[in-house]
2 protein chains.
Amino acid sequence: MSDATDLFFDAFANKNRFRILVELMNKEQCVGELQKSLNIEQTHLSHDLRCLLNCKFINVRKEGRKRIYSINKETKELVDEVTKHVKRYETYLNKCGILKEEDGRI
Amino acid sequence: MSDATDLFFDAFANKNRFRILVELMNKEQCVGELQKSLNIEQTHLSHDLRCLLNCKFINVRKEGRKRIYSINKETKELVDEVTKHVKRYETYLNKCGILKEEDGRI
DNA sequence: TTTATATATGATTAAATTTTCATATATCAA
DNA sequence: TTGATATATGAAAATTTAATCATATATAAA
């Protein structure tokens with residue numbers, strides 16, 4: 001696996017960062033708005049946004065003292081794919097023994 | 001974000017587990033074969049396989065004392081999507097300041 | 001030109017995840 | 001039925017990652 005794949009997962013596959021991406025699916029938002037809708041602490045949010053921005057999963061533009069973040073087109077498609085997959089496998093995921101201390105051996 | 005999405009990422013978004021999925025893209029393989037091609041320690045590999053299996057990202061069948069693992073169709077598509085995305089964003093990912101101690105502010 | 005608001009940064013602490021270790025089980029072959 | 005091979009399991013150690021804290025910067029408004 002390439003080094004880039006590692007970095008991709010570091011950025012994308014994180015509960016909070018993914019929530020940010022989903023939240024940006026509908027409309028672009030500034031940090032304050034994201035803070036409210038996601039209920040993530042401000043500095044934490046900024047760290048995550050910086051990460052997503054560095055990897056170009058999202059874009060930013062200034063407007064007064066606000067910074068408006070938007071998701072980019074390709075990332076959007078990927079988020080859709082993942083969402084679709086999760087829906088399809090929801091049942092299995094929810095009874096996954098590893099994470100839920102259950103036991104479903106073969 | 002749904003609980004299932006959390007579980008999805010726990011299973012899918014892991015360097016080694018993703019390497020396993022990629023390795024299974026071409027052909028089904030038993031644990032021993034995976035061990036050689038990926039150079040992951042046996043017990044570690046088994047843990048990861050169990051995780052992927054629980055979430056139905058892969059399938060297994062017995063053959064003698066071997067267990068042959070194969071990737072399922074939908075997971076395959078998802079792996080393809082991710083690979084495509086990584087290729088497209090490789091440049092940005094590789095210069096991501098968060099993980100590479102570099103600095104690329106706006 | 002001082003104060004308030006919006007956001008970012010670096011360093012530390014806290015928490016979660018991965019890796020390893022020691023061992024168990026299951027199947028085949030002798 | 002014993003020994004060897006293939007794979008799985010649970011618990012502990014090691015490492016990463018996320019969350020928090022204290023503070024900085026940048027812009028706007030007074």
Side-chain angles (χ1 to χ4, degrees), chain A residues 1 3 6-20 24 28-55 58-70 96-106, chain B residues 1 3 6-20 24 28-55 58-70 96-106:
Chain A
M1 178 166 62
D3 195 34
D6 284 14
L7 294 168
F8 169 79
F9 279 126
D10 286 337
F12 185 76
N14 165 283
K15 296 167 219 290
N16 278 324
R17 286 194 283 277
F18 193 77
R19 284 177 69 210
I20 294 172
L24 291 174
E28 52 175 29
Q29 292 179 55
C30 69
V31 180
E33 288 174 301
L34 285 169
Q35 211 180 325
K36 271 181 211 152
S37 35
L38 296 172
N39 198 34
I40 302 176
E41 189 235 350
Q42 184 267 313
T43 63
H44 185 192
L45 189 54
S46 278
H47 281 293
D48 279 342
L49 286 169
R50 184 166 173 226
C51 176
L52 291 170
L53 188 64
N54 264 283
C55 298
I58 58 176
N59 314 109
V60 73
R61 70 167 211 275
K62 290 186 190 174
E63 200 173 90
R65 60 188 132 177
K66 292 187 178 171
R67 293 197 174 189
I68 321 257
Y69 287 90
S70 58
C96 173
I98 310 293
L99 305 146
K100 297 206 151 180
E101 242 74 328
E102 189 221 282
D103 223 353
R105 328 250 164 100
I106 320 168
Chain B
M1 179 165 60
D3 196 34
D6 283 14
L7 294 168
F8 169 80
F9 279 126
D10 286 337
F12 184 76
N14 165 281
K15 298 169 218 289
N16 278 325
R17 286 195 283 277
F18 192 76
R19 283 176 70 209
I20 294 172
L24 292 173
E28 51 174 29
Q29 292 179 56
C30 70
V31 180
E33 289 174 300
L34 285 169
Q35 211 181 324
K36 271 181 210 151
S37 35
L38 296 172
N39 199 35
I40 301 176
E41 188 234 352
Q42 185 268 314
T43 62
H44 184 192
L45 190 54
S46 277
H47 281 296
D48 279 342
L49 287 169
R50 183 166 173 226
C51 176
L52 290 170
L53 187 63
N54 264 282
C55 298
I58 58 174
N59 315 109
V60 73
R61 70 168 211 275
K62 291 186 189 174
E63 200 172 271
R65 58 189 133 177
K66 292 188 178 172
R67 294 196 174 191
I68 319 258
Y69 287 91
S70 58
C96 172
I98 309 292
L99 307 146
K100 298 208 149 179
E101 242 73 327
E102 187 221 285
D103 223 353
R105 328 251 164 99
I106 320 169

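Arg50(B) has its CZ atom 16 Å from the P atom of dT17(C), to the nearest Å. Between the C1' atom of dA8(C) and the CG atom of Leu34(A) lies a distance of 15 Å, rounded to the nearest Å. For the pair Gln35(B) CD and dT19(C) C1', the interatomic distance rounds to 14 Å; values are reported in whole Å. Rounded to whole Å, the distance from NZ on Lys36(A) to P on dT5(C) is 13 Å. For the pair Ile40(B) CD1 and dT7(D) P, the interatomic distance rounds to 14 Å; values are reported in whole Å. What separates CG of Asn39(B) from P of dT20(C) is a distance of 10 Å, to the nearest Å. Here the C1' atom of nucleotide dT7(C) and the CZ atom of Arg61(A) are 16 Å apart, to the nearest Å. When rounded to the nearest whole Å, the span between CG of Asn54(B) and P of dA8(D) equals 12 Å.
For the OP1/OP2 pair of dA6(C) and a distance below 4.0 Å, the side-chain nitrogens and oxygens of Tyr69(A) include no atom meeting the criterion.
The CG atom of Leu49(B) sits 5.0 Å away from the OH atom of Tyr69(B) when rounded to the nearest 0.5 Å. A distance of 12.0 Å separates SG in Cys30(B) from CZ in Arg65(B), rounded to the nearest 0.5 Å. The CZ atom of Phe9(B) sits 13.0 Å away from atom CG of Asn14(B), with the distance rounded to the nearest 0.5 Å.
Minimum interatomic distance between Leu38(A) and Arg19(A) (heavy atoms only, all atoms of both residues): O-NH2, 2.7 Å. The two residues Gln29(A) and Leu34(A) make their nearest non-hydrogen contact at OE1-N, 3.8 Å. Residues Val60(B) and Arg67(B) approach most closely at CG2-CB, 3.8 Å, considering heavy atoms. When all heavy atoms are compared, the tightest approach of His44(B) to Ile40(B) is ND1-CG2, 3.4 Å.
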Base versus backbone protein contacts along nucleotides 24-30 of chain D [heavy-atom cut-off under 4.0 Å; B, S, -]: ---BSS-
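Side-chain atoms of Arg17(B) never come within 3.5 Å of backbone atoms of Asp48(B) as a donor-acceptor pair (strictly under, hydrogens ignored). No side-chain donor-acceptor contact under 3.5 Å links Arg61(B) to the backbone of Ile68(B).
Under 3.5 Å, the side chain of Gln42(A) and the base of dA6(C) form no donor-acceptor pair of N or O atoms.
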Distances under 3.5 Å only, N/O to N/O: pair up the protein atoms with those of nucleotides 18-21 of chain D.
{"from": "dA18(D)", "atom 1": "OP1", "to": "Asn14(A)", "atom 2": "ND2", "distance (Å)": "2.2"}
{"from": "dA18(D)", "atom 1": "OP1", "to": "Arg17(A)", "atom 2": "NH2", "distance (Å)": "3.4"}
{"from": "dA18(D)", "atom 1": "OP2", "to": "Arg17(A)", "atom 2": "NH2", "distance (Å)": "3.4"}
{"from": "dA18(D)", "atom 1": "O5'", "to": "Asn14(A)", "atom 2": "ND2", "distance (Å)": "3.4"}
{"from": "dA19(D)", "atom 1": "OP1", "to": "Asn16(A)", "atom 2": "ND2", "distance (Å)": "3.3"}
{"from": "dA19(D)", "atom 1": "OP2", "to": "Asn16(A)", "atom 2": "ND2", "distance (Å)": "2.7"}
{"from": "dA19(D)", "atom 1": "OP2", "to": "His44(A)", "atom 2": "NE2", "distance (Å)": "2.4"}
{"from": "dC21(D)", "atom 1": "N4", "to": "Thr43(A)", "atom 2": "OG1", "distance (Å)": "3.0"}

